[in-house]
Amino acid sequence: MTIEELRKIAETERAAQKKFQHHVCVCIAAGCLSGGAEHVRDALNKEVAESGMRNEVLVKGVGCMGLCSAGPLVTVETAVETAVNTDVQMFASVTPEDAPEIIRSLDTGGATGGDLAAAGLHPCPTNVPFFERQKKIVLENSGKIDPERIEDYIAHDGYVALVTAITEMTPLEVIDRVKSSGLRGRGGAGYPTGLKWSTVAKTGEQQKYVICNADEGDPGAFMDRAVLESDPHRVLEGMAIAAYAVGAQQGFIYVRAEYPLAVKHLKTAIKQAERMGLLGNSISGTRFSFHIDIRLGAGAFVCGEETALIASIEGKRGTPRPRPPFPAESGLWECPTLINNVETFANVAPIVRHGAEWFARIGTEKSKGTKVFALAGRVQNTGLIEVPMGITLREIIYDIGGGVPDGKQYKAVQTGGPSGGCIPAEHLDSPVDYESLARIGSIMGSGGMIVMDETSCMVDVAKYFMEFCMSESCGKCIPCRAGTQQLHGILEKITAGEATPADVALLEELCELVRHTSLCGLGQSAPNPVVTTLKYFREEYDAHVTGDGCPAGTCGCGAGTRACRAETRLGAPGSQTSGEVTL
Amino acid sequence: MQTYVGAPQLPSDDKRWKIVEATARRHGREPHALIETLHTVQECFGYLDENALRFVASVLRVPLSRVYGAATFYHFFTLKPKGRHACVVCTGTACYIKGAPLLLKAIEQRYSIKPGETTPDGELSLLTARCLGSCGLAPAAVMDSAVLGKIAPQDILARIERGIHP
């Protein structure tokens with residue numbers, strides 16, 4: 001496949017799509033799919049066929065449009081010949097019964113929002129902050145292209161970067177471009193991507209691997225799933241460019257088995273790319289060959305840690321090992337291995353295509369580009385968003401998210417999942433970048449962002465995350481295996497209203513111990529939710545301990561009366577009230 | 001140490017074992033195919049029993065202890081058969097904040113089963129998921145592959161009843 005051939009496919013596809021005056025796009029990513037989006041698509045297709053508009057209306061299933069809470073979502077794009085811009089109308093909460101009205105609205109053309117609402121539809125304005133404040137790089141095709149057709153991706157400049165890189169650039173030039181773009185790992189730790197690539201490249205000529213970490217284990221995070229479901233080719237292209245840069249021949253995508261749709265789209269995408277000669281042997285007639293295989297995860301959070309992930313691909317229990325040696329020098333089957341997150345790979349093609357300077361202009365001094373977040377919890381608009389680095393938390397929660405619903409008071413936002421922290425109102429104006437979030441005790445993380453209001457008890461939230469880390473601890477090192485159990489036991493005691501101030505002191509001490517002595521990131525970061533809630537919401541801990549009860553009223557009998565406590569002890573099935581240690 | 005030549009002995013005439021064997025073969029019967037092969041077993045049979053673990057060990061030439069170790073390490077694998085109907089309650093952060101514990105409590109009380117358990121009549125299994133990724137629909141649950149979003153405790157009980165006794 002040469003660049004000319006690629007351009008030809010793109011032009012053919014664009015011309016084929018242009019023939020249709022109206023493009024009706026139905027979101028069929030997991031969020032909307034669970035709301036019945038497939039039936040909506042079928043109903044729309046049937047309606048188009050019945051009204052004899054097959055040559056004017058194109059109905060296609062596309063990826064995530066972002067506003068998951070209003071799903072299933074449908075957009076209608078009508079090409080207006082005189083105008084530069086096309087006219088886009090979005091509909092929310094669409095049911096199969098709405099199909100006839102939507103198709104009818106195409107005929108009338110300039111129907112206003114009022115007309116549409118009168119017809120029983122839910123028009124959803126796209127000129128609101130939720131859409132306008134976003135900046136899309138990773139998700140630029142998401143919600144626009146059909147993820148199961150490689151032609152649609154190529155029509156949106158897909159694979160241009162790969163073919164350009166392998167035919168016109170040296171591996172070193174590719175690495176330099178990624179380096180000077182300032183791209184950092186999107187899995188959470190923020191290691192400079194270019195630096196990682198050059199470490200692997202420097203290991204000389206031998207068997208090397210590229211691994212895409214799609215084991216998105218954080219509860220409340222679904223960015224990677226959305227990218228894989230909506231635009232799988234973008235990730236494949238990024239991986240192939242990386243493989244060319246570091247000199248790898250084989251790639252693996254380690255994806256959660258819980259994401260069947262993402263797996264399906266990836267498998268389709270790999271087959272299509274192989275058939276077109278964009279993956280496989282001697283790509284674009286060069287000496288560069290690259291194959292990608294999928295490996296399914298099996299539900300172990302620790303496998304997001306790179307050495308545990310490698311163990312899992314090797315068919316073993318997913319337990320981490322001490323580093324160094326880092327995977328960049330000795331990884332999969334002791335070969336140099338490049339591991340990057342889905343979102344990191346998704347940024348690669350645009351950087352190669354538009355140049356490093358373009359990317360470096362977005363974001364802050366040390367954090368370049370954009371970040372995708374899964375915005376959820378007690379916030380008006382929940383869904384998937386992509387924002388430039390440096391945006392403040394307030395802008396995300398109040399402008400894009402629409403604020404806290406039901407007249408409730410904002411309390412905290414949790415970023416980074418079980419490894420992150422809870423950020424209080426006083427830090428809402430802090431910019432979202434790697435350093436700023438670390439300064440206030442949280443982390444960027446992979447992109448989960450959960451908003452909490454006054455009804456959430458912060459001790460209970462800390463306990464929730466500790467319960468998660470406790471059950472996900474792989475058991476290899478003692479500080480994590482026993483420490484998380486002990487921490488959880490103390491938190492249980494506090495929420496049951498049975499703790500004393502000495503327990504809180506012990507909690508703090510133990511947090512430090514677990515953080516500094518655990519083998520891998522899971523244990524090292526497990527205390528973060530406790531540490532940040534202790535730092536910012538100390539009074540809630542105190543209230544539980546001194547017998548004032550749970551301020552949020554969620555810990556049930558929490559620290560209520562004596563009778564209440566007795567009931568908690570007797571009546572709570574399955575609750576572990578003591579910090580028993582199982583070694 | 002058990003060695004074999006050629007095609008391994010299938011545990012029974014059940015055709016599904018051939019599918020399992022094919023997965024192992026596709027990966028050259030190398031030990032690193034362990035997790036992929038276990039996935040296939042679970043896909044075909046719904047769970048992993050001792051028979052299956054022994055077969056996988058022999059076909060990939062790895063110790064049974066390693067197969068058992070992997071099968072119990074990963075949450076996705078289950079060694080017990082599931083009930084005829086399964087209700088999965090999402091316990092991800094967003095769902096937790098929005099009331100997933102109440103859903104679980106309601107189901108636990110009505111059917112006297114805890115997460116991971118099946119009713120004695122084998123009708124209903126109660127399961128939890130770390131995150132369904134449907135955070136926009138929190139609290140969410142899945143009843144026999146139908147996703148239920150923004151669901152209240154009484155509604156989920158009604159939905160389960162309808163599932164079990166249509």
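Chain identifiers are assigned alphabetically (A, B, ...) following the order of the sequence lines, protein sequences preceding nucleic acid strands; residue numbering begins at 1 within each chain.
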Q) Between B:R54 and B:E50, is there a side-chain N and carboxylate O pair less than 4.0 Å apart? A) yes
Q: With a 4.5 Å cut-off on heavy-atom pairs, point out which of A:G377, A:G217, A:G297, A:G318 contacts chain B the most.
A: A:G318
Would you be so kind as to tabulate the donor-acceptor pairs closer than 3.5 Å made by side chains of residues 150-164 of chain B, with sequence neighbours excluded?
unit_1 : atom_1 : unit_2 : atom_2 : d
B:K150 : NZ     : A:S69  : O      : 3.3
B:E161 : OE2    : B:Y111 : OH     : 2.7

Q. Which bit of A:D460 is near chain B, if near means a heavy-atom gap under 4.5 Å: side chain, backbone, both or neither?
A. both
Q | Exercise: do B:T128 and B:T91 side chains pair donor with acceptor under 3.5 Å | A | no
Q) Which bit of A:I294 comes within less than 4.5 Å of chain B, counting heavy atoms only: side chain, backbone, both or neither? A) backbone
Q) What class does the angle between the rings of A:F468 and A:F301 fall in, given that below 30° is parallel, 30 to 60° is tilted and above 60° is perpendicular? A) perpendicular
Q: Check salt bridge (charged side-chain N to carboxylate O under 4.0 Å, His left out) between B:E36 and all other residues, then give those that pass, not counting sequence neighbours.
A: none
Q: Before giving the answer on salt bridge (charged side-chain N to carboxylate O under 4.0 Å, His left out), spell out for A:D453 and A:K408 the whole-Å C-alpha distance, their side-chain angles and the decisive distance to 0.1 Å.
A: CA-CA 6 Å; A:D453 65 12; A:K408 292 277 195 323; 5.3 Å; no
Q | Which of A:K316, A:Q414, A:M452 touches chain B most, by non-hydrogen pairs under 4.5 Å | A | A:K316
Q.
Among B:H39, B:K98, B:Q42, which residue has the highest count of heavy-atom pairs closer than 4.5 Å to chain A?
A. B:H39
**Q.** Proximal component of A:I450, with respect to chain B [non-hydrogen, under 4.5 Å]
**A.** side chain
**Q.** Proximity breakdown for B:L137 and chain A, heavy-atom pairs closer than 4.5 Å
**A.** side chain
Q. Under 3.5 Å, is there a donor-acceptor pair linking the side chains of B:S12 and B:D14?
A. no
Q. Is it the backbone or the side chain of A:R295 that comes under 4.5 Å from a heavy atom of chain B, or both, or neither?
A. both
Q. Which of parallel (below 30°), tilted (30 to 60°) and perpendicular (above 60°) describes B:W17 and B:F45?
A. tilted
Q) Who among A:G315, A:A298, A:S34 has the most heavy-atom pairs with chain B under 4.5 Å? A) A:A298
Q) OG1 of B:T37 to NE2 of B:H27: how many Å apart, nearest 0.5 Å? A) 6.5 Å
Q | Top contributor to chain B contacts, counting heavy-atom pairs under 4.5 Å, from A:G417, A:G220, A:A70 | A | A:G220
**Q.** Structural part of A:R317 lying under 4.5 Å from a heavy atom of chain B
**A.** both
Q | Most contacts with chain A, counted as non-hydrogen pairs under 4.5 angstrom, among B:L148, B:T72, B:V147 | A | B:V147
Q. Are side-chain N/O atoms of B:H75 and A:E472 paired as donor and acceptor at under 3.5 Å?
A. yes
Q | Residue, of B:L38, B:T93, B:V142, that accumulates the most heavy atom pairs under 4.5 Å with chain A | A | B:T93
**Q.** Contact origin within A:C32 toward chain B - heavy atom pairs under 4.5 Å
**A.** neither
Q. At a heavy-atom separation under 4.5 Å, does A:I313 approach chain B through its side chain, its backbone, both, or neither?
A. backbone
Q | Contact class of A:A257 relative to chain B, heavy atoms under 4.5 angstrom | A | both
Q: Heavy-atom distances under 4.5 Å only: say whether B:R66 touches chain A with side chain, backbone, both or neither.
A: side chain
(Q) With a 4.5 angstrom heavy-atom cut-off, is it the side chain or the backbone of A:S471 that approaches chain B, or both, or neither? (A) both
**Q.** Among the listed options A:G448, A:G383, A:S312, A:A376, the residue most often paired with chain B at heavy-atom distances under 4.5 Å
**A.** A:S312
Q) How many angstroms lie between CD in A:E229 and CG in A:L261, if you round to the nearest 0.5 Å? A) 4.0 Å
Q: Starting from the C-alpha separation in whole Å, work towards a yes-or-no answer on side chain to side chain contact (heavy atoms under 4.5 Å, CB included) for B:V62 and B:V67.
A: CA-CA 7 Å; B:V62 292; B:V67 180; 3.6 Å; yes
